[in-house]
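Take this structure first; my questions come after.
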Amino acid sequence: MTARMRSGILQADGRLAPEPVMDAADVAATVVHMAGLPLEANVQFATVMATAMPYVGRG
């Protein structure tokens with residue numbers, strides 16, 4: 001899904017630049033961890049992102 005981002009994607013200023021990416025297995029591991037929690041536990045928010053990602057959002 002993110003192969004295009006490695007080579008460069010259009011930025012807000014019009015230039016092409018590579019975006020940080022991460023392995024989808026890390027996201028899957030987070031979901032499996034949350035599913036394995038006891039019913040008394042609740043995960044309201046989980047942000048999993050590439051360590052080099054400069055911003056949480058683009059807005």
Side-chain angles (χ1 to χ4, degrees):
M1 282 177 45
T2 61
R4 212 177 102 217
M5 293 178 166
R6 292 177 195 259
S7 60
I9 197 163
L10 188 61
Q11 302 295 305
D13 62 2
R15 65 187 171 88
L16 290 176
E19 292 276 346
V21 296
M22 58 182 279
D23 192 345
D26 294 326
V27 177
T30 301
V31 172
V32 169
H33 171 72
M34 292 184 332
L37 291 172
L39 294 177
E40 297 82 25
N42 187 13
V43 178
Q44 289 184 318
F45 304 100
T47 303
V48 183
M49 56 192 282
T51 56
M53 186 61 72
Y55 305 109
V56 173
R58 287 186 160 235

Could you check whether any side-chain N or O of Gln11 sits under 3.5 Å from a backbone N or O of Ile9, counting only pairs where one atom can act as donor and the other as acceptor? yes

Does Asp13 have any side chain to side chain donor-acceptor pair (under 3.5 Å) partners at least two apart in sequence or in another chain, and if so, which? Arg15

Return all side-chain donor-acceptor pairs below 3.5 angstrom for residues 22-50, not counting sequence neighbours, or 'none' if the list is empty.
from  : atom 1 : to    : atom 2 : distance (Å)
Asp23 : OD1    : Ala25 : N      : 3.1
Thr30 : OG1    : Asp26 : O      : 3.1

